A.B. asks: 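One structure, as structure tokens, below. Some questions next.
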Amino acid sequence: MIQVLVMAKAPVPGRVKTRLCPPCTPEEAAAIAEAALADTLATVGRVPLVRRTLVLDGSCPVPRGWSSVPQRGAGLGERLAHAFADTSLPGVPALLIGMDTPQLTERLVQQAAEALADAPAVLGPARDGGWWALGLHAADDARVLPGVPMSTPDTGALTLAALRGRDLRPAVLPSLRDVDTAADAVEVAALCPAAGRFPRAVARFLPVATTGATS
């Protein structure tokens, strides 16, 4: 079995999902972010795991059955590396995901766990060129992350190259679309169960985008 780490930013207006503004207000964007995080945590919560940890930037409620550690580091690469180090469990692989892919399914988490049983690492590419999941057996392998430029169209490829530089050959998970823009939110919402909080938030706050955006 594995543990799962969810990197998350507290859904504070003006600090999260700012690329949704406009058409959203900062408060609406924060509500959409909160819904994405809630659905992600609910999905992970339904999968048998050794431990579930919320790696937080800021402060927000932590669900029952979860532990929490603060994010630390000067940049995203450092924060990711520290997340692996601060939650390391001997002999237990760690799968790190974000809060921007609420279409995540239990099966995808299980697929990552199965891949980690045979591979030294797993990487889930994102359609924007980044990645939505990274699984490692050893926290030391995450030390390559501060040297990888983050939030660029090449982040996924550069992360893969950095891992291969440590003689790791990651198994590749299915590609997912991150929620950054209104168009992303609409497309991702269509992939989520209708009862989820994220699609309901998108339908409420992006009604024009829901009927008009297709990409």
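As the structure is a computational prediction, the values presented were derived from the model and not from experiment.
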A.B. asks: Using distance alone, with no hydrogens and no angle criterion, decide if Trp132 and Thr101 have a side-chain donor and acceptor under 3.5 Å apart.
C.D. replies: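 There is no such pair (donor and acceptor under 3.5 Å, judged by atom type) between the side chains of Trp132 and Thr101.
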
A.B. asks: Just do the side chain to side chain contact (heavy atoms under 4.5 Å, CB included) check on Met7 and Leu80 with the steps written out, would you?
C.D. replies: CA-CA 8 Å; Met7 293 285 289; Leu80 293 169; 3.8 Å; yes

A.B. asks: May I ask you to say whether Lys9 pairs ionically with Glu34, meaning some side-chain N is under 4.0 Å from a carboxylate O?
C.D. replies: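 Salt bridge absent between Lys9 and Glu34.
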
A.B. asks: Has the side chain of Lys17 got a donor or acceptor atom that lies under 3.5 Å from a matching backbone atom of Val179?
C.D. replies: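 Side chain of Lys17 to backbone of Val179, a donor-acceptor pair under 3.5 Å: yes, one is there.
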
A.B. asks: Is there a side-chain contact between Val188 and Asp178 (heavy atoms, below 4.5 Å)?
C.D. replies: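 The answer is no, as the side chains (C-beta and beyond) never meet within the 4.5 Å cut-off.
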
A.B. asks: Treating Ile, Leu, Val, Met, Phe, Trp and Tyr as nodes and any side-chain heavy-atom pair under 4.5 angstrom as an edge, say whether Val6 and Val62 lie in one connected cluster.
C.D. replies: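 Hydrophobic grouping puts Val6 with Val62.
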
A.B. asks: So, Glu187 and Arg127, do they make that salt bridge, N to O below 4.0 Å?
C.D. replies: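 A salt bridge links Glu187 with Arg127.
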
A.B. asks: Same cluster for Ile97 and Val55 if Ile/Leu/Val/Met/Phe/Trp/Tyr side chains link at under 4.5 Å?
C.D. replies: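 Different clusters: Ile97 never reaches Val55 through Ile, Leu, Val, Met, Phe, Trp or Tyr contacts under 4.5 Å.
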
A.B. asks: What's the separation between atom CZ in Arg197 and atom OG1 in Thr40, rounded to the nearest 0.5 Å?
C.D. replies: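 Here the interatomic distance stands at 11.0 Å.
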
A.B. asks: Please answer: with hydrophobic residues joined when any side-chain heavy atoms are less than 4.5 Å apart, are Val69 and Leu5 in the same cluster?
C.D. replies: yes

A.B. asks: Hey, could you give me the CH2/CZ distance between Trp66 and Arg51, rounded to the nearest 0.5 Å?
C.D. replies: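 So the CH2 of Trp66 and the CZ of Arg51 are separated by 11.5 Å.
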
A.B. asks: Tell me, do Asp128 and Pro153 make a side-chain contact under 4.5 Å, heavy atoms counted?
C.D. replies: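 Sidechains of Pro153 and Asp128: no contact.
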
A.B. asks: Is it true that, when you exclude Arg169 itself, more than 12 heavy atoms of the residues, nucleotides or ligands shown sit nearer than 6.0 Å to its CZ?
C.D. replies: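 More than 12 heavy atoms, drawn from other residues, nucleotides or ligands, come within 6.0 Å of this atom.
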
A.B. asks: Tell me whether Gln71 contacts the main-chain N or O of Ala8 through its side chain, where contact means a donor paired with an acceptor under 3.5 Å.
C.D. replies: yes

A.B. asks: Please tell me if the side chains of Val50 and Val4 come closer than 4.5 Å, counting only heavy atoms from C-beta onward.
C.D. replies: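 Of all side-chain heavy-atom pairs linking Val4 with Val50, none is under 4.5 Å.
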
A.B. asks: Cluster question for you: counting only ILVMFWY and a side-chain heavy-atom cut-off of under 4.5 Å, with indirect links fine, are Leu158 and Phe84 together?
C.D. replies: yes

A.B. asks: To the nearest 0.5 Å, tell me how far Ser67 OG sits from Leu54 CG.
C.D. replies: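 If we round to the nearest 0.5 Å, Ser67:OG and Leu54:CG are 8.5 Å apart.
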
A.B. asks: Would you check if Trp131 and Leu96 make a side-chain contact, meaning some heavy-atom pair closer than 4.5 Å?
C.D. replies: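 Yes, at least one pair of side-chain atoms sits under 4.5 Å.
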
A.B. asks: Is there a side-chain contact between Gln111 and Thr105 (heavy atoms, below 4.5 Å)?
C.D. replies: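 No. Closest side-chain heavy atoms not under 4.5 Å.
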
A.B. asks: How long is the span from the CG atom in Asp100 to the CG atom in Leu37, to the nearest 0.5 Å?
C.D. replies: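 The CG atom of Leu37 is 10.0 Å from CG of Asp100, to the nearest 0.5 Å.
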
A.B. asks: Output yes when Arg15 and Asp57 qualify as a salt bridge under the 4.0 Å nitrogen-oxygen rule, no when they do not.
C.D. replies: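 Yes.
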
A.B. asks: Just wondering, do Ile32 and Cys24 contact through their side chains at under 4.5 Å, heavy atoms?
C.D. replies: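 SC-SC contact between Cys24 and Ile32 confirmed.
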
A.B. asks: Is there a salt bridge (Lys or Arg N to Asp or Glu O under 4.0 Å) between Asp184 and Arg177? Walk through the geometry before answering.
C.D. replies: CA-CA 7 Å; Asp184 295 331; Arg177 183 170 183 169; 2.6 Å; yes

A.B. asks: The test is side chain to side chain contact (heavy atoms under 4.5 Å, CB included); show your working for Leu176 and Gln103 and say whether it passes.
C.D. replies: CA-CA 8 Å; Leu176 296 182; Gln103 73 272 42; 3.9 Å; yes

A.B. asks: Is Leu163 close to Leu134 at the side-chain level, that is, under 4.5 Å between some pair of heavy atoms?
C.D. replies: yes

A.B. asks: Please table the atom pairs, donor to acceptor, closer than 3.5 Å between any side-chain atom in residues 136-149 and protein atoms at least two apart or in another chain.
C.D. replies:
unit_1	atom_1	unit_2	atom_2	d
His137	NE2	Leu116	O	2.7
His137	NE2	Ala119	O	2.9
Asp140	OD1	Arg143	NH2	3.3
Asp141	OD1	Arg166	NE	2.8
Asp141	OD1	Arg166	NH2	3.1

A.B. asks: With a 4.5 Å limit on heavy-atom distance, are the side chains of Leu173 and Leu108 in contact?
C.D. replies: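 Side-chain contact under 4.5 Å: no.
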
A.B. asks: When you compare the side chains of Thr53 and Thr87, does any donor N or O come within less than 3.5 Å of an acceptor on the partner?
C.D. replies: no

A.B. asks: Can you measure from CE (Met99) to CG (Leu56) and round to the nearest 0.5 angstrom?
C.D. replies: 9.5 Å

A.B. asks: Verify the distance criterion only: is there a donor paired with an acceptor across the side chains of Thr155 and Thr152 at less than 3.5 Å?
C.D. replies: yes

A.B. asks: Taking all heavy atoms of Gln110 and all of Val47, pick out the closest pair and write down the distance.
C.D. replies: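 In terms of heavy atoms, the two residues are closest at CG-CG1, 4.1 Å.
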
